[in-house]
Amino acid sequence: MLTIAVIGLGSRGIHYADLSLHRGGVSFTALCDINPEKIHNAVAALGDSHVRTFTEEDVFFAAGKLADVLYICTQDRDHFRQAMKGLELGYHILMEKPVSPNPAECIAIAEKAEEKNLHAFVCHVLRYSGFYRRIKEVLEEKLLGDIMLIRHNEHIGYWHYAHSYVRGNWRREEETTPMLMAKCCHDMDLLYWWAGQKCESVSSLGGLSWFTPENAPEGAALYCKDCPHASVCPYNSADQYLPHDGQPPKFPWGTYALTPSREPGDIEKAALEGPYGRCVFHSDNDVCDHQTAQLRFGTGRQEIPVLFSVSAFSNKCFRDTHIFGTKGELWGNDDEETLMLQLFGEEPQTLSLHLAKAGSYGGGHVGGDSGLIGDVLDFLEGKDVPMERLTPIQETVESHLIVRACEESRKLDGKRVFVHGEEAGK
Ligand SMILES: NC(=O)c1ccc[n+]([C@@H]2O[C@H](COP(=O)([O-])OP(=O)(O)OC[C@H]3O[C@@H](n4cnc5c(N)ncnc54)[C@H](O)[C@@H]3O)[C@@H](O)[C@H]2O)c1
């Protein structure tokens with residue numbers, strides 16, 4: 001039976017633990033989180049009071065290797081440090097993205113894993129979803145001929161953006177990563193996977209244009225609970241996070257995102273008086289609320305141009321993709337979970353997703369979360385899962401290099417930047 005340790009018992013850590021339990025054939029031997037309430041909740045969720053628990057990272061690592069696999073689900077700036085310590089001790093690693101704002105740290109983890117003959121997988125969950133795997137299959141089967149253009153857009157959702165990037169964990173670049181790294185290293189990874197070749201150069205524009213004090217309505221208060229505009233503001237924290245006239249809160253991922261406490265009084269306090277109660281125009285956020293990029297994968301005859309956008313300003317949270325080839329088009333969005341194929345001169349056809357050789361369908365990220373856990377645990381158990389189906393750290397480096405180049409370009413007002421250095425682009 002595979003044994004698992006988890007560091008970071010927030011939404012992702014608990015979710016992966018839960019998916020692993022549902023899959024079965026695993027046992028949790030150690031849990032670590034700096035917040036004792038999160039440990040308490042995790043032990044209750046796992047239903048195992050014998051698991052070893054730690055509230056200090058140093059004590060956890062000093063205890064030696066306690067499991068076959070370590071899930072690293074802490075915040076963005078912790079992953080590198082903890083992955084290096086875990087590999088040193090002999091754990092296989094399953095770590096959250098982004099790995100680090102600095103791609104050199106991805107390379108260091110890859111080298112450490114190779115030195116220790118261990119595996120380090122990154123949670124690029126979209127690669128494990130039936131929807132995205134079907135796109136990859138169509139491209140591999142060359143149904144579209146050669147790819148001439150990819151348009152890919154990420155719509156964050158105004159409520160999700162406000163929660164995560166204005167009031168929450170990913171609002172300040174120096175504490176986490178740029179928005180493009182936090183949100184779109186997934187997209188850069190998908191584009192690299194679909195293109196089947198490295199990104200040569202990028203040009204990117206973007207910034208923070210709306211969630212700033214100068215856009216606050218006149219007389220807006222610092223907290224929604226005191227604001228005269230609250231009843232007409234789509235970001236009103238009470239509407240987002242608290243039930244209303246028998247209706248559930250608008251924010252779909254539950255109030256645990258605000259506080260580990262289950263007490264209604266604590267949740268209300270967090271929603272009204274804590275960081276999530278702040279006016280979205282008066283927070284201390286500095287990450288982009290929109291960004292676009294033109295990317296060029298490969299060069300010459302093999303070149304694949306990509307137009308990418310990400311924006312806070314949408315009702316729903318989803319991605320849409322349109323791929324143009326020499327023989328036809330493929331398009332779809334992961335909210336509706338439909339993929340359409342139309343070869344030139346023929347009628348459009350809806351592709352059936354269940355025919356894809358995908359991981360189990362259902363759950364978060366269009367089935368990607370459960371697909372990831374299923375495939376990675378199968379692989380570590382020695383089942384026949386090809387490495388091309390997985391997302392080892394060595395694959396992740398490219399997505400992080402692309403994001404870094406986009407950020408460099410954005411700060412130079414869209415100047416073309418070579419992803420692998422100017423020499424490589426010549
Ligand atoms: N793969 C995906 O699609 C996806 C989606 C959302 C978030 N993420 C990433 O997953 C990671 C976790 O996100 P989350 O939403 O679960 O965050 P979270 O804040 O809910 O959870 C992080 C947990 O880590 C704990 N922690 C912080 N420092 C620690 C330390 N030194 N030692 C042990 N525990 C520590 C916190 O107390 C918290 O419980 C982030 O890096 C995030 O960017 C990935």
Side-chain angles (χ1 to χ4, degrees), residues 5-19 30-43 45 53-63 70-83 85-86 94-101 105 121-129 132 154 156-157 160-161 163-165 167-173 175-190 253-261 270 275-276 287 317 319 334 363-373 376 391 396 399-400 403:
V6 186
I7 185 163
L9 298 162
S11 33
R12 300 307 293 173
I14 287 290
H15 182 50
Y16 290 133
D18 192 44
L19 290 172
L31 302 172
C32 175
D33 198 294
I34 50 172
N35 185 328
E37 232 171 328
K38 303 248 182 165
I39 292 188
H40 174 81
N41 293 342
V43 171
T53 59
F54 299 86
T55 50
E56 283 175 54
E57 173 185 334
D58 289 347
V59 180
F60 167 69
F61 285 113
L70 173 61
Y71 292 180
I72 299 177
C73 303
T74 44
Q75 278 302 335
D76 304 358
R77 298 265 173 172
D78 301 321
H79 300 163
F80 169 68
R81 182 184 74 249
Q82 294 171 347
K85 287 183 189 171
L94 177 64
M95 63 193 303
E96 262 304 356
K97 49 52 59 179
V99 173
S100 155
E105 295 190 339
F121 296 110
V122 180
C123 300
H124 284 298
V125 286
L126 298 180
R127 281 210 202 190
Y128 298 82
S129 101
Y132 288 108
E154 170 149 23
I156 301 180
H160 180 10
Y161 183 87
H163 174 79
S164 296
Y165 299 96
R167 294 165 165 152
N169 287 335
W170 297 274
R171 70 191 187 283
R172 289 184 65 75
E173 182 176 329
E175 288 169 23
T176 58
T177 54
M179 183 275 282
L180 198 73
M181 187 66 95
K183 197 80 188 83
C184 309
C185 67
H186 276 319
D187 302 280
M188 300 309 160
D189 181 63
L190 282 179
W253 295 326
T255 42
Y256 298 159
L258 304 188
T259 163
S261 169
Y276 293 97
V287 297
C317 170
R319 295 170 163 91
D334 66 5
H365 292 101
V366 227
D369 291 357
S370 54
L372 165 93
I373 292 298
V376 167
T391 45
T396 303
S399 62
H400 285 47
V403 171

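Side chains included, hydrogens not; waters and symmetry mates left out as well; all remaining heavy atoms used. One-based numbering, in listed order, for ligands and for the atoms of each. All residue numbers in this chain count up from 1 along the given sequence. Because the structure is predicted, anything quoted here is derived from the model rather than measured.
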Sub-4.0 Å atoms of ligand 1 with respect to non-hydrogen atoms of [X]:
X	result
Ser11	14 (P), 15 (O), 16 (O), 20 (O)
Asp78	28 (N)
Glu57	30 (C), 31 (N)
Cys123	1 (N)
Thr74	11 (C), 12 (C), 24 (O), 26 (N), 29 (C), 33 (C), 34 (N), 35 (C), 40 (C), 41 (O)
Tyr16	1 (N)
Gln82	30 (C), 31 (N), 32 (N)
Gly10	16 (O), 18 (P), 20 (O), 21 (O), 23 (C), 39 (O)

> Who passes ring-ring contact (aromatic ring centres under 6.0 Å, His included) against Phe60, sequence neighbours left out?
Replying inline: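 In terms of ring-ring contact (aromatic ring centres under 6.0 Å, His included), with neighbours along the sequence ignored, Phe60 is linked to Phe54.
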Is ligand 1 under 4.0 Å from a heavy atom in the side chain of [X], in the backbone, in both, or in neither?
X	value
Cys73	backbone
Asp76	both
Trp170	side chain

> When you measure from atom 28 (N) of ligand 1 to each heavy atom in Ile34, Asn169, Val125, Asp369, which option holds the nearest one?
Replying inline: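 The residue whose heavy atom sits nearest atom 28 (N) of ligand 1 is Ile34.
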>> I want to confirm something. Looking only at heavy atoms, which of His365, Glu96, Met95, Gln75 is nearest to atom 18 (P) of ligand 1?
In response: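 Considering heavy atoms of His365, Glu96, Met95, Gln75, the nearest to atom 18 (P) of ligand 1 sits in Gln75.
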For [atom], closest protein heavy-atom neighbour:
atom	result
atom 9 (C) of ligand 1	Lys97 O, 3.3 Å
atom 13 (O) of ligand 1	Arg12 CG, 3.6 Å
atom 39 (O) of ligand 1	Asp33 OD2, 2.6 Å
atom 2 (C) of ligand 1	His186 NE2, 3.4 Å

Determine yes or no for a side-chain-to-main-chain donor-acceptor pair under 3.5 angstrom, with [X] supplying the side chain and [Y] the backbone.
X	Y	result
His79	Met95	no
Asp33	Ile39	no
Asn41	Pro260	yes

>> If I apply the N/O under 3.5 Å rule, does His79 come out as touching ligand 1?
In response: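 Between His79 and ligand 1 (N or O atoms, distance only) the closest approach is under 3.5 Å.
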> If we ignore angles and hydrogens, is there a donor and acceptor under 3.5 Å between the side chains of Tyr128 and Thr391?
Replying inline: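 A donor-acceptor contact under 3.5 Å links the two side chains.
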>> I'd like to know if Lys85 and Asp58 make a salt bridge, using a cut-off of under 4.0 Å between side-chain N and carboxylate O.
In response: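 Salt bridge: yes.
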> Should we count CD of Glu37 as having more than 12 external heavy atoms under 6.0 Å?
Replying inline: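 Count over threshold, so yes.
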>> Please verify the inter-ring angle class for Trp170 with Tyr165; under 30° counts as parallel, over 60° as perpendicular, anything in between as tilted.
In response: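 Rings of Trp170 and Tyr165: tilted, 30 to 60°.
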